[in-house]
Amino acid sequence: MENEYKVYVSLQEGYITSINSDIFLSEEEIQTMAEIDKGQGDKYAHAQSQYLEKGLVDEHGRYNYKFVEGKVIEVAEGDKPTIEEPKAVPTEQEKINAQLMLQIAQLKAQMNGVK
């Protein structure tokens, strides 16, 4: 008879943040996780790589699945957090240039005020 494996997940606000089979988890880890399924075969034995159709997270690092009312559900693209475009961070040279432009403008203002 083939072994039966239990699948455990860690949850954060309903999102599945980690998934694994009982054979790879310590008793301490199991205490902090929720059992969501059990069965035979690779899907259950190697839950980390084979249980979820898509990976745990998408290419932007957002979680792909939630555990709701005893079911694993895929998070719809529209329900995922929006991706923030990285803000353009000015280079040191751009900061220096901006400072110089400000100083030049202030000097011009002072010179125009004196006349």
Side-chain angles (χ1 to χ4, degrees):
M1 186 173 142
E2 202 175 344
N3 284 346
E4 186 169 80
Y5 304 101
K6 293 179 180 176
V7 177
Y8 288 88
V9 293
S10 293
L11 299 170
Q12 190 176 344
E13 295 171 18
Y15 289 102
I16 297 175
T17 59
S18 74
I19 185 166
N20 220 327
S21 304
D22 58 348
I23 53 175
F24 296 108
L25 297 168
S26 68
E27 243 346 279
E28 291 77 26
E29 289 171 312
I30 287 172
Q31 298 302 317
T32 66
M33 300 173 87
E35 181 184 332
I36 61 160
D37 206 354
K38 60 184 169 213
Q40 298 172 340
D42 285 350
K43 176 181 177 179
Y44 302 94
H46 302 286
Q48 201 168 29
S49 61
Q50 300 194 15
Y51 191 83
L52 302 173
E53 197 173 312
K54 296 180 178 178
L56 205 54
V57 294
D58 66 13
E59 67 275 13
H60 303 290
R62 301 173 301 173
Y63 295 113
N64 280 326
Y65 295 92
K66 275 188 156 182
F67 190 63
V68 182
E69 296 174 10
K71 292 189 187 85
V72 175
I73 58 165
E74 188 176 334
V75 179
E77 190 62 35
D79 293 338
K80 291 181 181 181
T82 52
I83 300 153
E84 296 290 323
E85 288 301 318
K87 305 268 186 288
V89 178
T91 63
E92 283 307 306
Q93 189 58 55
E94 288 170 330
K95 289 179 188 172
I96 292 166
N97 292 351
Q99 190 62 41
L100 288 171
M101 296 302 284
L102 178 63
Q103 289 172 343
I104 291 167
Q106 287 169 336
L107 285 171
K108 281 184 178 173
Q110 284 176 349
M111 288 171 60
N112 289 341
V114 172
K115 286 183 183 175

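All values reported here derive from a predicted model rather than from experimental measurement. Quick note: residue numbers are just sequence positions, from 1.
- Every side-chain hydrogen bond (donor to acceptor under 3.5 Å, both in side chains) that S10 has, sequence neighbours left out, goes to S18.
- Distance CD1/I19 to CG/L11: 10.0 Å, rounded to 0.5 Å.
- Smallest separation of non-hydrogen atoms from V57 and Y63: CG1-CD2, 3.6 Å.
- Cluster annotation: M33 and Y5 are assigned to distinct hydrophobic clusters (Ile/Leu/Val/Met/Phe/Trp/Tyr, side-chain heavy-atom contacts under 4.5 Å, transitive).
- Residue pairs meeting the salt bridge (charged side-chain N to carboxylate O under 4.0 Å, His left out) criterion with at least one member in residues 90-109, sequence neighbours excluded, are E92-K95.
- Side chains of Y15 and K80 form no contact here, defined as non-hydrogen atoms less than 4.5 Å apart.
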What's the verdict on side chain to side chain contact (heavy atoms under 4.5 Å, CB included) for Y51 and V72, showing C-alpha distance, side-chain angles and the deciding distance? CA-CA 10 Å; Y51 191 83; V72 175; 4.3 Å; yes
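- Here K38 pairs with nothing under the salt bridge (charged side-chain N to carboxylate O under 4.0 Å, His left out) rule; sequence neighbours left out.
- We find the NE2-CD distance between H46 and Q48 to be 11.0 Å, quoted to the nearest 0.5 Å.
- The salt bridge (charged side-chain N to carboxylate O under 4.0 Å, His left out) check on K54 picks up E74, with sequence neighbours excluded.
- Here the straight-line distance linking atom CG of L100 with atom CG of L107 works out to 10.5 Å at 0.5 Å rounding.
- Atoms CD1 and OH, on I23 and Y44 in that order, are 14.0 Å from each other to the nearest 0.5 Å.
- A pairwise comparison of heavy atoms in Q50 and D42 identifies OE1-CB, 3.2 Å as the closest pair.
- In this structure a side-chain-to-backbone donor-acceptor pair under 3.5 Å is missing from Q12 to T17.
- Checked options N20, I36, D37, I30; the residue passing with Y8 is I30 (criterion: side chain to side chain contact (heavy atoms under 4.5 Å, CB included)).
- With sequence neighbours excluded, no residue satisfies side-chain hydrogen bond (donor to acceptor under 3.5 Å, both in side chains) with K66.
- Within the 4.5 Å cutoff, no side-chain heavy atoms of N64 are placed close to those of L52.
- In terms of modelled atom types and a separation under 3.5 Å, the side chain of S21 and the main chain of F24 share no donor-acceptor contact.
- Under the side-chain hydrogen bond (donor to acceptor under 3.5 Å, both in side chains) criterion, D22 pairs with no residue at all, not counting sequence neighbours.
- Distance check, rounded to the nearest 0.5 Å: CD of Q31 to CG of L25 gives 11.0 Å.
- Atom CD of E2 sits in a crowded spot, with more than 12 heavy atoms from other residues, nucleotides or ligands closer than 6.0 Å.
- Looking at D58, its side chain does come within 3.5 Å of a backbone N or O of R62 through a donor-acceptor pair.
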